[in-house]
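Labels below follow one simple rule: chain letters A, B, ... track the order of the sequence lines, proteins then strands, and each chain is numbered from 1. Predicted model only: the values in this text are computed from it and were never measured.
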Amino acid sequence: MHFAVFGGLYNNYLALQAAIDDACRAGAEALYCLGDMGAFGPYPDRVFPLLRDHRVICIQGNYDNSIGNGLADCQCGYTDPRDNYFAKLSYDYTYANTSMENRRWLRDLPSEHRMEIDGARFLMCHGSPRKTNEFLWESTTSTQFLEKLADDFGADVILATHTGIHWRRELSGGRQFANVGVLGRPENDGRNVVWYALIRTGRDVAGAGIDIQFVPLEYDHQRLAREMRDESLPEEFVTTILTGWWTTCLEVLPSKERRRGQF
Amino acid sequence: MSTSTESPAIELQALDELWFQVSGTLCNLECTHCFISCSPHNDSFGYLSLGEVERRLEESVPFGVKEYYFTGGEPFLNKELVPMLAATLEYGPATVLTNATVLKPQWLRELRAAEERSLYSLEFRVSIDGPSAEMNDPIRGERTFERAMQGVQLLVEHGFLPIITMTRTWDEADDVTILDQFRDVLRGRGYTRPRLKVLPRLQIGAEAQRTQGYADHDVVTHEMLRDYDQSQLICAHSRVVTDRGIYVCPILLDSPAALMGDTLNEATAPFALQRGACYTCYQYGAICTNPSSHVVEQQRGGENDL
């Protein structure tokens with residue numbers, strides 16, 4: 001089988017449309033999204049028709065849980081006052097501009113998706129299998145921790161998002177963990193592209209096993225930036241879209257990931 | 001079965017963080033708010049050896065430990081700390097809590113190289129209790145602000161991004177102002193993207209003498225834990241290796257009940273929240289972990305009808 005997995009959308013409907021087109025061109029037979037439909041970008045309601053029309057199988061992120069249930073904040077876990085200031089701006093905008101129908105849809109999403117494909121047990125989650133808003137950064141997640149998650153949750157492949165930066169670790173017995181990245185904003189590497197994962201199993205893989213490819217995706221980021229300004233979203237967010245460097249919510253980054261960025 | 005008059009017991013949900021009390025209670029400073037009263041003379045807990053740390057690292061693997069933390073006392077008083085951290089970085093991310101007054105360039109060069117070789121981050125948490133000598137020195141000792149700031153500069157010169165950790169000895173409402181001041185001061189010293197963390201005071205050890213200890217009613221009750229996310233409590237996901245055995249958390253070393261056993265296997269029993277410091281942990285949540293591992297309490301849905 002051949003399928004695509006998208007991470008956080010952060011209202012970036014332009015990247016979502018580009019990713020759907022790109023994955024279909026590449027031959028993906030099914031599309032999945034690991035949650036956090038809202039945040040950061042403009043026009044929150046525009047991602048939902050795309051997800052429904054293309055039958056994207058979705059799970060609930062912490063943002064979706066918050067918007068869907070009318071909670072006071074996004075449950076992202078920021079510890080710094082400046083980070084929380086920007087998180088609140090983004091959350092209040094997204095909440096105010098998400099229709100009641102879409103809030104209900106978010107509220108009712110499942111928190112995980114399991115499937116067995118070509119003999120491999122896949123577990124899709126948002127942060128980690130045990131907690132929706134747990135950050136699994138590459139440089140702060142030990143291999144034995146991932147091995148234990150795979151054991152405890154009976155999974156051969158665990159797929160997550162939430163941190164905003166893609167990475168992958170091979171585990172014992174051919175098992176794997178992958179953070180698929182996000183479509184919502186670039187990865188703090190000075191590039192404008194966003195990332196998703198294409199996964200092949202069974203006869204779609206040359207040789208054997210499970211093949212996970214991370215895909216850098218170009219989309220009309222200039223238009224996104226214009227629309228963010230039209231909606232009076234913070235210039236700090238627009239800078240991230242235009243430059244590829246994160247400017248906010250940096251205090252949760254571990255040192256290795258923080259060092260790679262500019263701020 | 002516990003009754004409502006007994007302290008609630010917290011299960012170890014997962015051993016996510018393993019701490020090493022690597023220099024015991026020995027420290028070159030004698031801070032007036034230290035919750036375990038560390039000093040140059042307090043040897044109630046002693047040094048761990050490199051061999052002991054290596055043995056515990058291996059022991060920790062089947063538990064799926066996610067991160068390792070090194071504390072004291074002042075960890076860099078232990079002459080084997082640099083090889084200990086290098087060994088740890090082969091198992092997972094490492095964080096060292098230091099006062100940054102005894103750092104040597106050679107150690108930092110070796111540690112930077114060890115981190116570069118590793119998949120994992122090496123974090124330095126540097127304790128400085130405010131953005132000025134006037135705020136810091138009365139608590140941490142004469143000239144300690146200047147010495148610690150020089151340590152921060154040395155870390156930055158070696159490519160590290162230390163997390164400046166301060167104990168809140170001011171009103172919580174002043175946090176933003178003080179954090180802004182501290183960022184300005186650090187930028188003035190060449191640390192262009194300062195990282196900061198504020199800790200609540202723990203009213204035990206020396207701090208109980210400096211201000212006051214906990215009141216009898218400062219305890220966690222069964223009722224307080226109803227609908228509370230217990231993963232906010234350190235004892236739900238951490239244990240500490242000391243030279244006397246495995247303790248429940250890095251805060252309660254003075255409490256005999258906090259000694260859980262000699263091996264990690266023996267140390268997995270539930271822990272009763274009997275102490276005043278447990279109340280602070282309950283109030284603030286996840287006080288000992290780094291911001292990158294901070295998980296806020298997940299809320300329940302259904303507050304608003306749609």
Side-chain angles (χ1 to χ4, degrees), chain A residues 60 62 65-66 68-83 85 100-101 103-108 127-128 130-152 163 167 169 250-259 261-263, chain B residues 13-16 57 60-68 88-95 115-116 118-124 159-163 175-177 179-180 183 192-198 229 231 286 289-306:
Chain A
Q60 187 183 64
N62 51 289
N65 180 265
S66 289
N69 290 293
L71 302 184
D73 63 52
C74 63
Q75 308 178 77
C76 294
Y78 301 129
T79 55
D80 182 77
R82 182 175 181 272
D83 288 352
Y85 166 79
M100 290 300 258
E101 182 197 355
R103 286 185 208 168
R104 274 190 216 103
W105 185 83
L106 289 170
R107 182 191 62 190
D108 296 337
S128 84
R130 62 183 193 170
K131 202 146 196 178
T132 299
N133 58 355
E134 181 171 18
F135 292 112
L136 296 184
W137 303 102
E138 182 174 22
S139 85
T140 54
T141 305
S142 74
T143 300
Q144 64 263 17
F145 174 78
L146 294 172
E147 295 276 7
K148 185 160 187 298
L149 283 184
D151 291 342
D152 290 352
T163 62
W167 61 280
R169 184 91 41 92
L250 289 158
E251 299 306 319
V252 293
L253 285 171
S255 62
K256 268 194 193 246
E257 282 81 352
R258 181 82 183 256
R259 244 185 240 128
Q262 195 171 54
F263 298 106
Chain B
Q13 295 172 355
L15 186 55
D16 288 343
L57 287 169
S60 76
V61 170
F63 289 88
V65 169
K66 193 179 174 193
E67 295 187 83
Y68 300 92
T88 302
L89 286 167
E90 292 177 21
Y91 288 82
T95 297
E115 192 196 18
E116 281 296 307
S118 171
L119 278 175
Y120 304 114
S121 279
L122 171 61
E123 301 281 10
F124 285 83
F160 293 108
L161 296 172
I163 301 168
D175 273 6
V176 173
T177 310
L179 288 172
D180 283 347
R183 283 201 179 90
T192 54
R193 34 185 176 171
R195 304 159 82 201
L196 300 170
K197 176 178 167 75
V198 181
D229 176 3
S231 68
T289 46
N290 294 338
S292 55
S293 298
H294 182 78
V295 178
V296 289
E297 184 173 5
Q298 214 159 332
Q299 298 166 47
R300 282 158 181 253
E303 286 184 11
N304 292 1
D305 287 333
L306 295 178

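When each of B/Ser60, B/Pro291, B/Ser121 is checked for heavy-atom pairs under 4.5 Å with chain A, B/Ser121 comes out on top. Chain A forms the most heavy-atom pairs under 4.5 Å with one residue out of B/Asp16, B/Thr192, B/Thr95, B/Leu122, and that residue is B/Asp16. Of the listed residues (B/Ser293, B/Gly159, B/Gly92), the one with the most heavy-atom contacts under 4.5 Å to chain A is B/Gly159.
Checking side-chain atoms of B/Lys66 against main-chain N and O of A/Leu136 turns up no donor-acceptor pair under 3.5 Å. With hydrogens and angles ignored, the 3.5 Å screen pairs a side-chain donor or acceptor of A/Ser142 with a backbone N or O of B/Val65. Remark: the backbone N or O of A/Ser255 is paired with a side-chain donor or acceptor of B/Glu123 at under 3.5 angstrom.
With a 4.5 angstrom heavy-atom cutoff, A/Arg82 does not touch chain B via any of its atoms. Interface remark: A/Gln262 contributes backbone atoms only to the contact with chain B (heavy atom separation under 4.5 Å). Within the 4.5 angstrom heavy-atom criterion, no atom of A/Glu147 approaches chain B. There is no contact between B/Phe124 and chain A, counting heavy-atom distances below 4.5 Å.
Looking at heavy atoms from C-beta onward, B/Asp175 lies out of side-chain contact with A/Pro81 at the 4.5 angstrom threshold. Between A/Arg130 and B/Gln13, every side-chain heavy-atom pair lies at or beyond the 4.5 Å cut-off. Counting heavy atoms from C-beta on, the side chains of A/Leu250 and B/Arg193 never come closer than 4.5 Å.
Of the candidates A/Thr143, A/Thr140, A/Thr141, B/Tyr120 forms a side chain to side chain contact (heavy atoms under 4.5 Å, CB included) with just one, namely A/Thr143.
Taking all atoms of both residues into account, the shortest heavy-atom contact from A/Lys256 to B/Ser118 is NZ-O, 2.8 Å. The nearest pair of heavy atoms linking B/Val61 to A/Gln144 is O-CB, 3.5 Å. Residues A/Lys131 and B/Asp229 share a closest heavy-atom pair of NZ-OD2, 2.6 Å.
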